[in-house]
Amino acid sequence: MTNAEHKKSGSDETGQTVHTMTGAEVLLQVLADLGVEVIFGYPGGAVLPIYDAIFQQDKIRHILTRHEQAAVHAAEAYARSTGKIGVALVTSGPGATNTVTGLVDALMDSIPIVCISGQVFSSLIGNDAFQEADTVGITRAATKFNYLVKDKEKLADKIREAFYIAGSGRPGPVLVDIPKDLQLAQVPYVKKEIKSHPSYKPVTEPHHQAIKDAVTAMKKAKRPIFYTGGGIINAGPHASEGLRKLVKLSGFPCTSTLMGLGAYPASDKQFLGMLGMHGTYEANLATHGCDVLIALGARFDDRVTGSVKDFSPNALKIHADIDPSQINKIVLVDIPVIGDVARIIELMIQEWEAQSDHSVDQEALKNWWEQIEKWRAVDCLKYQQDTKAGEVIKPQHAIRRLSELVKEKSKEAYVSTEVGQHQMWTAQYFPFESPNHFMTSGGLGTMGYGLPAAVGIQVAHPDALVIDIAGEASTMMNIQELATIKQYRLPVKIFILNNRYMGMVRQWQELIHGGRYSESYSESLPDFVKLAESFGLKGMRARTIDELDTMINAMLDEPGPVVMEIQVEREENCFPMIPAGAPHNQILLGPVKEKTKTAS
């Protein structure tokens with residue numbers, strides 16, 4: 001216990017031992033009780049008592065990021081790669097306001113984190129004190145829940161509640177604002193657990209009739225498809241294991257959102273790839289043409305649905321989600337199933353086996369797969385790479401070769417990305433076989449996410465291969481985190497595809513805005529090799545195709561951190577692409593291929 005031996009002890013009316021220590025020490029003790037091992041943060045005046053307490057204990061490690069937004073992104077990736085709750089610690093005023101982007105990012109992608117923010121002395125709140133901000137008011141729409149602790153007697157329980165709320169039901173970020181006087185005050189501490197909350201009781205056990213109705217509909221399907229999302233990964237390894245069993249048991253095709261990649265192995269023949277705006281031809285046309293859609297842990301995001309009225313227009317829709325507010329929010333469904341998706345899948349498997357007297361129409365399923373194979377034969381991800389020495393590198397090829405060379409070395413990488421073309425190419429050309437290995441900003445689309453995310457992943461998995469696949473523009477958003485990588489000797493590999501453009505912005509300007517490239521050219525870029533060296537890191541560069549494999553292998557063999565710049569084709573576009581608001585059967589395959597016809 002943090003300095004507990006130096007504090008007063010006694011007993012309460014139940015006979016439990018009550019320790020009295022400072023609020024800062026109570027905070028750290030509760031975090032230790034909850035199994036927290038790492039905090040990502042940045043100190044400041046309103047949290048100095050907490051940092052002083054951190055200095056005097058050795059149970060919880062602190063990682064100093066160079067920006068509070070980065071601290072939250074690192075905590076997000078730590079959480080997503082481990083299944084634990086990430087923790088960030090920031091000071092008041094600008095420290096807290098700098099977290100807003102990360103908090104919204106976590107909220108949209110359902111990532112469980114707890115952000116502890118310091119606040120000015122209680123007596124100064126509302127007086128426009130130095131570095132005061134209405135943190136609770138500012139972050140109300142950015143969090144699943146937040147609160148300002150006013151009563152020192154409730155400090156420990158408020159921290160426990162924050163973890164319960166962040167990790168139960170649909171996961172998300174929770175912020176706890178702690179005035180400095182509470183951090184300094186003598187506060188009672190009793191060790192206990194919170195396993196429920198009087199006003200927050202998420203439904204985890206699905207209604208069994210809904211399970212029965214869903215499975216009955218699935219068995220009657222002639223053109224079914226599983227549409228899976230990040231909720232599968234958030235629900236833990238049992239959900240992914242169950243999904244794999246259910247897909248095999250049914251024989252149905254399976255597709256995934258960006259956030260769900262890895263829940264089902266990309267190499268399996270029943271996996272059609274990612275669907276949505278930059279998803280595969282076969283995944284999108286199968287989703288458009290299906291007659292039963294089974295949505296598991298997905299929320300019908302606009303980048304997936306395109307035109308809502310044309311989304312799977314002839315399908316009976318089953319939607320399984322732990323958050324009842326998501327049901328019928330965007331797409332009207334026929335069979336809602338509310339509960340923990342891991343439990344839902346488990347019960348679906350049981351019900352499938354129980355309905356042994358009802359079998360799937362195998363002839364119809366065979367015909368469905370034949371149609372899917374015709375779509376797959378289009379080979380929508382094919383690209384032309386000239387392999388002669390001196391030729392320019394295609395960005396798709398760079399990512400594909402990175403993936404293949406990682407596999408050749410018998411390694412399984414944890415990958416983070418920034419946001420843009422490189423993010424979509426990673427989803428298309430870097431196959432993920434396991435959950436919790438792909439960290440990206442899906443809902444908010446936050447440039448600057450990938451580098452601090454890689455920090456969080458590497459801290460969680462110190463011996464693992466961690467790669468941040470980035471664009472040069474996104475890399476500049478949180479470039480200061482190279483100092484964090486250096487300080488903690490984190491062997492992160494930063495793989496920058498440099499086309500000297502904000503690639504996705506330029507692509508939309510070309511296709512939608514008449515080629516008027518307004519402010520999308522990345523001017524005044526640093527020399528990334530020299531920049532890496534200025535931070536004391538290894539810098540590498542590949543300019544042409546004949547250098548690519550050699551440099552990737554050198555990066556992978558380097559035991560320490562590496563900044564690798566890949567100079568790629570400047571005006572390469574990311575296809576397939578469904579124009580915003582268009583239905584899935586109006587997918588564009590590229591400049592030399594025609595728009596598809598309506599799916600049969």
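All heavy atoms count here, side chains included; hydrogens, waters and symmetry mates do not.
- With values rounded to the nearest 0.5 angstrom, L402 atom CG is found 14.5 Å from W425 atom CH2.
- Without hydrogens or angle criteria, D291 side chain to R223 main chain gives a donor-acceptor distance under 3.5 Å.
- Both the sub-6.0 Å distance and the 45° axial angle are satisfied by K158 relative to the ring of Y147.
- For the pair H278/Q421, no side-chain contact is recorded, criterion being any heavy-atom separation below 4.5 Å from C-beta on.
- Counting only heavy atoms from C-beta outward, the side chains of F163 and V36 approach each other to under 4.5 Å.
- By the ring-ring contact (aromatic ring centres under 6.0 Å, His included) test, F226 pairs with F252, sequence neighbours left out.
- With hydrogens and angles ignored, the 3.5 Å screen pairs no side-chain donor or acceptor of K493 with any backbone N or O of V466.
- Atom NE2 of H208 has more than 12 heavy atoms from other residues, nucleotides or ligands within 6.0 Å.
- Side-chain atoms of N367 and Q371 include no donor-acceptor pair closer than 3.5 Å.
- Using modelled atom types, one side-chain atom of E433 and one backbone atom of S267 make a donor-acceptor pair closer than 3.5 Å.
- Salt bridge absent: D361 and K220 never bring a charged side-chain N and a carboxylate O closer than 4.0 Å.
- In this structure, CD1 in I232 is found 6.5 Å from OG in S240, a value given to the nearest 0.5 Å.
- The existence of a salt bridge linking D268 and K248 is confirmed by a sub-4.0 Å separation between a basic side-chain nitrogen and an acidic carboxylate oxygen.
- Taking CG of N585 as the start and OH of Y281 as the end, the distance is 9.5 Å to the nearest 0.5 Å.
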Open item on the list: The test is side-chain contact (heavy atoms from CB on, under 4.5 Å); show your working for D334 and L316 and say whether it passes.
Closed with: CA-CA 6 Å; D334 301 281; L316 180 146; 3.9 Å; yes
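- Both the sub-6.0 Å distance and the 45° axial angle are not jointly satisfied by K222 relative to the ring of W368.
- M259 CE to M108 CE: the interatomic distance, rounded to the nearest 0.5 Å, is 10.5 Å.
- Remark: K219 NZ is packed, more than 12 non-hydrogen atoms of other residues, nucleotides or ligands lying under 6.0 Å away.
- D321 contributes no side-chain N or O that, together with a main-chain N or O of G297, makes up a donor-acceptor pair within less than 3.5 Å.
- A distance-only check finds a donor-acceptor pair linking the side chain of E418 to the backbone of G448 [under 3.5 Å].
- The environment of E353 atom CD is dense: over 12 non-hydrogen atoms of other residues, nucleotides or ligands sit within 6.0 angstrom.
- With values rounded to the nearest 0.5 angstrom, F145 atom CZ is found 13.0 Å from Y164 atom OH.
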TODO: Run the numbers on E412 and S434 for side chain to side chain donor-acceptor pair (under 3.5 Å), then give the verdict.
DONE: CA-CA 9 Å; E412 185 173 24; S434 304; 2.8 Å; yes
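- Considering only heavy atoms from C-beta on, Q428 stays 4.5 Å or farther from F575 through its side chain.
- A donor and an acceptor atom, one from each side chain of Q69 and T99, are nowhere located under 3.5 Å apart.
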Task: Verdict with supporting geometry, H238 and E241, side-chain contact (heavy atoms from CB on, under 4.5 Å) - done: CA-CA 5 Å; H238 292 306; E241 292 165 6; 3.5 Å; yes
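- Taking the six-membered ring for Trp and thresholds of 30 and 60 degrees, Y414 and H437 have nearly parallel ring planes, at less than 30 degrees apart.
- In terms of modelled atom types and a separation under 3.5 Å, the side chain of T305 and the main chain of S307 share no donor-acceptor contact.
- Between V341 and L243, the closest side-chain pair of non-hydrogen atoms is not below 4.5 Å.
- Looking at heavy atoms from C-beta onward, L89 lies out of side-chain contact with V87 at the 4.5 angstrom threshold.
- Under the 3.5 Å distance criterion, the side-chain polar atoms of D109 are matched with a main-chain donor or acceptor of G442.
- From L155, atom CG reaches atom CD1 of I178 across 5.0 Å, with rounding to the nearest 0.5 Å.
- The existence of a salt bridge linking R343 and E346 is confirmed by a sub-4.0 Å separation between a basic side-chain nitrogen and an acidic carboxylate oxygen.
- Annotation for K409: atom NZ counts as buried by contact number, over 12 foreign heavy atoms lying within 6.0 Å.
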- [ ] Could you walk me through whether N436 and T82 pass the side-chain contact (heavy atoms from CB on, under 4.5 Å) test, one step at a time?
- [x] CA-CA 7 Å; N436 305 99; T82 62; over 6 Å; no
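- N284 has its side chain out of reach of P576: every pair of non-hydrogen atoms, C-beta onward, lies at least 4.5 Å apart.
- Residue pairs meeting the side chain to side chain donor-acceptor pair (under 3.5 Å) criterion with at least one member in residues 224-235, sequence neighbours excluded: R80-N234.
- We find that E37 and K59 are not joined by a salt bridge, their nearest charged nitrogen and carboxylate oxygen being 4.0 Å or further apart.
- The backbone N or O of M274 lies less than 3.5 Å from no partner atom in the side chain of S256, so there is not a single donor-acceptor pair.
- Two rings, from H288 and F311, have their centers 6.0 Å or more apart.
- Using a distance-only test at 3.5 Å, with no hydrogens or angles considered, a donor-acceptor pair links the side chain of T280 to the main chain of A283.
- Side-chain contact check for D33 versus E193: every heavy-atom pair is 4.5 Å or farther apart.
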Task: Residue pair H319, F300: steps toward the ring pair (Phe, Tyr, Trp, His ring centres under 6.0 Å) verdict - done: CA-CA 10 Å; H319 187 192; F300 296 96; 4.8 Å; yes
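- Taking each heavy atom of P198 and K201 in turn, the nearest pair found is O-CE, 3.7 Å.
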TODO: List the steps and the verdict of side chain to side chain donor-acceptor pair (under 3.5 Å) for Q423 and T440.
DONE: CA-CA 8 Å; Q423 177 190 32; T440 195; 2.8 Å; yes
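- No side-chain heavy atom of P224 sits under 4.5 Å from any side-chain heavy atom of M218.
- The heavy-atom pair separating G273 from T255 by the smallest distance is O-OG1, 2.7 Å.
- Residues L258 and A427 share a closest heavy-atom pair of CD1-CB, 3.7 Å.
- A salt bridge does not link E370 with K374: none of the charged nitrogens is closer than 4.0 Å to a carboxylate oxygen.
- Within a 6.0 Å sphere centred on NZ of K411, heavy atoms belonging to other residues, nucleotides or ligands number more than 12.
- Taking both residues in full, the closest heavy atoms of L272 and A286 are given as CD1-CB, 3.8 Å, listed atom of the first, atom of the second, then distance.
- The backbone N or O of F430 lies less than 3.5 Å from no partner atom in the side chain of S403, so there is not a single donor-acceptor pair.
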Open item on the list: V176 vs S117, test: side-chain contact (heavy atoms from CB on, under 4.5 Å). Steps then yes/no.
Closed with: CA-CA 6 Å; V176 184; S117 60; over 6 Å; no
TODO: Would you check, one step at a time, whether the test salt bridge (charged side-chain N to carboxylate O under 4.0 Å, His left out) holds for R299 with D301?
DONE: CA-CA 6 Å; R299 61 182 180 87; D301 175 74; 3.5 Å; yes
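- Taking 4.0 Å as the cut-off between side-chain N and carboxylate O, R160 and D157 count as a salt-bridged pair.
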